[in-house]
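What you see below is based on every heavy atom in this structure, not just the backbone, and it leaves out hydrogens, waters and symmetry mates. Bear in mind the structure is a predicted one, so any value in this text is a computation, not a measurement. Indexing begins at 1, ligand by ligand and atom by atom, following the structure's order.
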Amino acid sequence: MTYRVIPVAPFDYVVFGGTGDLARRKLLPALYRRLRDGQIVGGSRIVGVSRREMSDAEYRAMTLEALREFLDPNEANDSDIRSFLDLLFHVQVDVESDLGWDRLAALLEEGADKIRAFYLAVGPDLFEEICRRAGEHGLATAKTRVVIEKPVGSDLKSARKVNEAVGSVFAEDQIFRIDHYLGKETVQNLMVLRFGNVLYEPLWNSAHIDHVQITVAETLGVGSRGGYYDDAGALRDMVQNHILQLLCLVAMEPPDSFDAGAIRDEKLKVLKALKPIANGDAQACTVRGQYRAGAANGGAVAGYAEETGVEASGTETFVALKAEISNWRWANVPFYLRTGKRLPARVSEIVISFKAIPHSIFPDDAGAIHANRLVLRLQPDEAVQQWIMIKDPGPGGMRVRYVPLDMSFAEAFQVRSPDAYERLLLDVIRGNQTLFMRRDEVEAAWKWIDPIREAWDRSGAPPKPYTAGSWGPSAAIALIERDGRTWHED
Ligand code: NAP
């Protein structure tokens with residue numbers, strides 16, 4: 001089966017940081033795939049911007065190398081690659097000075113009637129400057145959209161400052177705050193499962209759901225991101241954006257349409273209903289950890305301090321939280337959230353754990369009856385599984401078995417699951433903000449996160465150590481087991 005591809009009108013995509021890791025690893029391969037599928041047609045241009053002096057030919061050669069490195073061999077086709085490279089240009093601009101802006105303006109002037117997107121694939125400290133200078137050089141036209149990468153700020157105050165600065169040049173409907181988790185098929189499937197079926201919604205509340213778990217686990221350590229990471233930590237790097245966005249999609253009320261405004265309004269209500277965690281609560285509802293040397297990815301690995309060279313760092317590489325949503329639908333349904341580096345598996349998943357049956361009619365020797373679970377896996381492979389009880393097939397008395405009903409149809413339909421960036425990059429051109437974060441969402445998320453961070457700072461206690469390759473400090477297991485529950489494992 002093939003999927004429907006609707007071509008987009010020709011556009012100019014300007015990637016600030018067009019020679020960086022994100023551009024080479026994700027953005028350029030994603031745009032190539034959209035061209036190969038026929039969604040990008042002639043007349044579009046992709047303009048890489050960076051400080052280094054580089055001709056268009058050199059930029060094309062760099063991109064070819066990146067495509068060879070990051071595409072599967074069966075995705076690379078000579079004629080599509082040639083067509084893609086023809087779209088590429090490079091302009092040398094130092095966004096912190098006036099160098100190069102006039103050249104960029106002259107190039108873009110040639111396509112002034114097209115939709116224009118500025119993708120800011122540079123450090124967040126440059127967002128304000130790029131927007132300001134783009135405005136000063138007349139580049140922020142009504143047809144221009146700007147994409148900003150996370151993190152938007154490092155707390156409420158700094159997020160407001162970034163939002164003010166970007167917002168003083170671009171209107172809110174021109175600003176696309178990207179969280180690539182929202183571009184994942186499974187995340188969008190969550191909305192279809194909930195709102196395209198009658199089966200789930202009547203059960204989607206505290207009467208039938210016992211609790212929810214959201215896990216984003218990585219096997220890697222901080223690696224070369226140590227400098228950035230030591231200022232951020234897992235709470236800011238993962239929970240404030242990816243995990244809270246997933247929580248919102250699980251917990252939101254049905255919006256009245258699939259309109260960006262309607263969905264974002266409902267997500268915002270969830271963020272505002274999150275029960276604050278501060279001081280005394282932080283002790284009981286949060287666990288933070290930092291990995292020590294151990295084993296991961298099949299070999300011995302160093303601890304966080306040795307990897308970053310920062311002795312006695314108070315930065316958490318693991319966090320587990322018990323969150324609660326104060327509204328009718330979710331009263332007394334805990335949302336257990338956890339994320340960390342150097343964990344035993346690379347897995348991102350949402351687990352909706354339904355309540356146990358009220359009474360079993362089966363004999364004791366039939367086997368244990370487990371509560372139903374809906375598992376939405378985002379990584380490493382996208383999958384949706386509904387765990388149910390069935391009769392163990394065959395003769396010989398009544399025995400029951402807990403099995404997953406597999407609802408991952410990509411394989412059955414023989415459709416490649418697109419990379420999240422493929423969808424999101426072209427949503428920007430289409431002007432569709434459904435899967436991007438609105439300013440008030442980002443700020444509401446920080447409003448909930450900041451008191452946790454402040455409570456940790458006030459306590460002065462260091463993060464709890466955990467061995468690389470384990471599931472975090474034992475306190476994270478105690479956090480959920482105290483409530484008579486366990487973390488989900490396949
Ligand atoms: P990177 O590899 O360090 O690349 C930075 C890019 O910005 C380079 O192309 C660099 O080229 C350019 N640049 C730096 N200063 C500049 C200036 N003053 N004027 C013009 N260009 C400048 O960084 P990255 O990993 O791609 O990350 C970029 C952003 O995306 C960061 O905000 C990061 O947090 C975010 N992000 C990255 C990833 C990822 O997978 N890498 C994932 C999610 C979010 P020159 O040195 O030639 O100027």
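The option with the heavy atom closest to atom 1 (P) of ligand 1, from among Asp21, Val15, Thr19, is Asp21. Considering Leu22, Ile130, Leu99, Leu120 only, the shortest heavy-atom separation from atom 37 (C) of ligand 1 involves Leu22.
In summary, the atoms of ligand 1 found under 4.0 Å from a heavy atom of Pro124, numbered by their order in the structure, are 32 (O). Proximity to Ala121 (heavy-atom distance under 4.0 Å) selects the following atoms of ligand 1: 6 (C), 28 (C), 29 (C). Each of the atoms 39 (C), 40 (O), 41 (N) of ligand 1 lies under 4.0 Å from some heavy atom of Arg25.
Proximity of Val93 to ligand 1, defined as any heavy-atom pair under 4.0 Å, is confined to the backbone N, CA, C and O atoms. The proximity of Arg51 to ligand 1, defined as any non-hydrogen pair under 4.0 Å, involves the side chain as well as the backbone. Counting heavy atoms under 4.0 Å from ligand 1, residue Lys26 does not touch it at all. Contacts between Ser50 and ligand 1 below 4.0 angstrom, taking non-hydrogen atoms only, involve backbone and side chain alike.
Not a single N or O atom of Tyr421, backbone or side chain, sits closer than 3.5 Å to an N or O atom of ligand 1. At under 3.5 Å, a nitrogen or oxygen of Val95, whether backbone or side chain, sits near a nitrogen or oxygen of ligand 1. Here's the thing with Gly20: one of its N/O atoms is less than 3.5 angstrom from an N/O atom of ligand 1.
Between Glu129 and Arg133 there is a salt bridge, since at least one side-chain N of the basic residue sits less than 4.0 Å from a carboxylate O of the acidic one. Glu443 has no carboxylate O lying under 4.0 Å from a charged side-chain N of Lys447, or vice versa, which leaves the two without a salt bridge.
Note that CG of Asp56 is 11.5 Å distant from CG of Leu85, once rounded to the nearest 0.5 Å.
Residues forming a salt bridge (charged side-chain N to carboxylate O under 4.0 Å, His left out) with Asp381 (at least two apart in sequence, or on another chain): Arg377. Remark: Phe170 pairs with no residue by the ring-ring contact (aromatic ring centres under 6.0 Å, His included) rule, at least two apart or across chains.
With respect to Glu441, the side chain to side chain donor-acceptor pair (under 3.5 Å) criterion is satisfied by exactly one of Lys272, Gln245, Arg177: Gln245.
Relative ring orientation between Tyr13 and Tyr119 is described as tilted, the plane-to-plane angle lying within the 30° to 60° band. Ring geometry, Phe84 versus Tyr32: the interplanar angle exceeds 60°, so the pair is classed perpendicular (tilted spans 30 to 60°).
Atom 4 (O) of ligand 1 is approached by the protein to below 4.0 angstrom, counting heavy atoms only.
Using a distance-only test at 3.5 Å, with no hydrogens or angles considered, a donor-acceptor pair links the side chain of Ser459 to the main chain of Trp456.
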